[in-house]
Trainee: 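Pasting a structure here, questions to come.
Whatever order the structure lists ligands and atoms in, that order sets their numbers, starting from 1. We number each residue from 1, following the sequence as shown. Note that these values count all heavy atoms, side chains included, but never hydrogens, waters or copies made by symmetry.
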Amino acid sequence: MAFNTIIYETNNGIGYITINRPKALNALSEEALTELSEALDMAAKDDDAKVVIITGAGGRAFVAGADISAMQHMTAVEAYDYARLGQTTYNKIQDMPKIVIAAIDGFALGGGCELALACDIRVASAKSQIGIPEVTLGVFPGFAGTQRLPRLVGTGIAKEMLATARKVHADEAKEIGLVNYVVDENPLAKAEELAAQICKNSMSAIALGKKAMNEGMEMELKKGIEHEASLFAVAFTTEDQREGMTAFLEKRPANFK
Ligand code: CO8
């Protein structure tokens, strides 16, 4: 499918989703969000995409936020619909039974930070700056940032980032657990390295483990532990479990389908 604002392609088992509005620092217009949602549906179904990498075009930004010009004259009802479009789109990343990696090269602000937060793993270049500056615009994060940021970095840091609007530089982002890796340049190469490692493992086990973590985070601890056991049992209905354990005992690498 041809998109105007998104590029979707696959190579070597990786699905690449590139936000492609470099002149607006990849700000997410309604069209971009809708196309991102469609690209995520494609990636979820695509057997050639075992792992998905989301990145931004142009070398200056991952995504500099939701499109401010599109939001300027919105009514409250339109703002609600726009927020829900962003939220439901980002939820597709959380719910996808595949690992999604954000490769951040430059600004990841507002809705861009929230997009990265929805991903499973974040890799950033040293020049990257990540933040939620919405309060400088008279609004606050509306693509689930108020929910995902405190879950990732804790409420103290999240509230400080919210209220000061300050952009966190890559090194600090690593220190506070906001990103997994910082590289001098080319975060895409680091994301590809991680994707290659992931691709060697059982996709069904990764999907079940991701589900257990995501759903468990929304449960009381002992319920989450119980839920883990149910999903663990499901792993024993898979071909991958038989292959993985047989391969170990036969002292050979597993050959997951
Ligand atoms: N929306 C629209 N256009 C943008 C955005 C954006 N978020 N960010 C940058 N652009 C555009 C600029 O307007 C400019 O366009 P033009 O060349 O036509 O003037 C172009 O990108 C380049 O930007 P700058 O000239 O500003 O580049 P600088 O290097 O001087 O600055 C910054 C880079 C610091 C990233 C700066 O562009 C900036 O501060 N951008 C806005 C960042 C921001 O506030 N993001 C949060 C937006 S709000 C949001 O994301 C809310 C999410 C929840 C929505 C809920 C639904 C209602």
Trainee: For ligand 1, indicate whether the residue Ala64 contacts it via side chain, backbone, both or neither (heavy-atom separation under 4.0 Å).
Mentor: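 Answer for Ala64: both.
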
Trainee: Below 4.0 Å, non-hydrogen atoms only: which portion of Phe107 touches ligand 1? Side chain, backbone, both or neither.
Mentor: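 Within the 4.0 Å criterion, Phe107 contacts ligand 1 through side-chain atoms alone.
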
Trainee: Which of the numbered atoms in ligand 1 are under 4.0 angstrom from any heavy atom belonging to Tyr82?
Mentor: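 With Tyr82 as reference, the close atoms of ligand 1 come out as 56 (C), 57 (C).
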
Trainee: Less than 4.0 Å from atom 18 (O) of ligand 1, is there any heavy atom belonging to the protein?
Mentor: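 It does not: no protein heavy atom is found less than 4.0 Å away from atom 18 (O) of ligand 1.
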
Trainee: Which residues, ordered by chain and number, are linked to Phe107 in its hydrophobic cluster, where ILVMFWY side chains connect at heavy-atom gaps below 4.5 Å, directly or through other members?
Mentor: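 Other cluster members: Leu25, Leu109.
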
Trainee: Tell me the protein heavy atom at minimum distance from atom 54 (C) of ligand 1, and give that distance in Å.
Mentor: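 Protein heavy atom with the smallest distance to atom 54 (C) of ligand 1: Phe143 CE2, 3.6 Å.
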
Trainee: Side chain, backbone, both or neither: which part of Lys23 comes within less than 4.0 Å of ligand 1 when only heavy atoms are counted?
Mentor: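 Within the 4.0 Å criterion, Lys23 contacts ligand 1 through backbone atoms alone.
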
Trainee: Measuring from non-hydrogen atoms of Ala24 to any atom of ligand 1, is the shortest distance under 4.0 Å?
Mentor: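 Contact present.
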
Trainee: Need the ligand 1 atom indices (1-based, order shown) with element for anything under 4.0 Å from a heavy-atom of Arg60.
Mentor: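 Within the 4.0 Å cut-off of Arg60, ligand 1 contributes 27 (O), 28 (P), 29 (O).
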
Trainee: Closest non-hydrogen protein atom to atom 23 (O) of ligand 1, residue and atom name please, with distance?
Mentor: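 Among all protein heavy atoms, the one nearest atom 23 (O) of ligand 1 is Leu25 CD1, 3.7 Å.
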
Trainee: Short list, please: which atoms of ligand 1 are under 4.0 Å from a heavy atom of Ala83?
Mentor: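 Checking each atom against Ala83, I get 56 (C).
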
Trainee: Please identify which atoms of ligand 1 are closer than 4.0 Å to at least one heavy atom of Leu137.
Mentor: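 Within the 4.0 Å cut-off of Leu137, ligand 1 contributes 44 (O), 47 (C), 48 (S).
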
Trainee: Determine if the distance from atom 29 (O) of ligand 1 to the closest protein heavy atom is below 4.0 Å.
Mentor: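 Answer yes: something from the protein, a heavy atom, is under 4.0 Å.
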
Trainee: Mark up the atoms of ligand 1 that fall under 4.0 Å of a heavy atom belonging to Leu109, in ascending order.
Mentor: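 Taking each heavy atom of Leu109 in turn, ligand 1 has 35 (C), 42 (C) under 4.0 Å.
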
Trainee: Measure from the side-chain N and O atoms of Gln129 to the backbone N and O of His169, and report whether any donor-acceptor pair falls under 3.5 Å.
Mentor: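 Flag not set: sc Gln129 to bb His169 has no pair under 3.5 Å.
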
Trainee: Within ligand 1, which atoms have a heavy atom of Ala66 less than 4.0 Å away?
Mentor: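 Counting atoms of ligand 1 from 1, those under 4.0 Å from Ala66 are 1 (N), 6 (C), 7 (N), 47 (C), 49 (C), 50 (O), 51 (C), 52 (C).
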
Trainee: Go through the structure and list residues passing ring-ring contact (aromatic ring centres under 6.0 Å, His included) with Phe140, not counting sequence neighbours.
Mentor: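 So Phe140 forms no ring-ring contact (aromatic ring centres under 6.0 Å, His included) with any residue.
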
Trainee: Sort out for me which residue in Ile198, Val51, Asp120 forms a side chain to side chain contact (heavy atoms under 4.5 Å, CB included) with Ile206.
Mentor: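 Answer after filtering Ile198, Val51, Asp120: Ile198.
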
Trainee: Does the protein place any heavy atom closer than 4.0 Å to atom 39 (O) of ligand 1?
Mentor: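 Protein heavy atom within 4.0 Å of atom 39 (O) of ligand 1: absent.
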
Trainee: Counting only non-hydrogen atoms of the protein, does one fall under 4.0 Å from atom 45 (N) of ligand 1?
Mentor: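 At least one protein heavy atom is under 4.0 Å away.
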
Trainee: Does ligand 1 come near enough to Met74 that some N or O of the ligand is less than 3.5 Å from an N or O of the residue?
Mentor: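 In this structure, Met74 places no N or O atom under 3.5 Å from an N or O of ligand 1.
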
Trainee: Just to confirm, does any protein heavy atom lie below 4.0 Å from atom 36 (C) of ligand 1?
Mentor: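 Protein heavy atoms within 4.0 Å of atom 36 (C) of ligand 1 - there are none.
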
Trainee: Look at ligand 1 and say whether Glu78 reaches it with a heavy atom at a distance under 4.0 Å.
Mentor: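 Contact absent.
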
Trainee: Run the numbers for me: atoms of ligand 1, each under 4.0 Å from some heavy atom of Gly142, listed by number.
Mentor: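 Near Gly142, the atoms of ligand 1 are 53 (C), 55 (C).
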
Trainee: A side-chain contact here means heavy atoms from C-beta on lying under 4.5 Å apart; do Ile14 and Thr10 qualify?
Mentor: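 Counting from C-beta outward, Ile14 and Thr10 never come under 4.5 Å.
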
Trainee: Indicate whether atom 13 (O) of ligand 1 is within a distance of less than 4.0 angstrom of some protein heavy atom.
Mentor: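 No, because not a single protein heavy atom sits under 4.0 Å from atom 13 (O) of ligand 1.
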
Trainee: List every atom of ligand 1 that sits less than 4.0 Å from any heavy atom of Ala27, numbering the atoms from 1 in the order shown and giving each element.
Mentor: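 Reading through ligand 1 atom by atom, the close ones are 1 (N), 2 (C), 5 (C), 6 (C), 7 (N).
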
Trainee: Return a yes/no value: protein heavy atom under 4.0 Å from atom 1 (N) of ligand 1?
Mentor: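 Yes, there is one.
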
Trainee: Just let me know how Val139 lines up against ligand 1, side chain, backbone, both or neither, with a heavy-atom cut-off below 4.0 Å.
Mentor: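 Neither part.
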
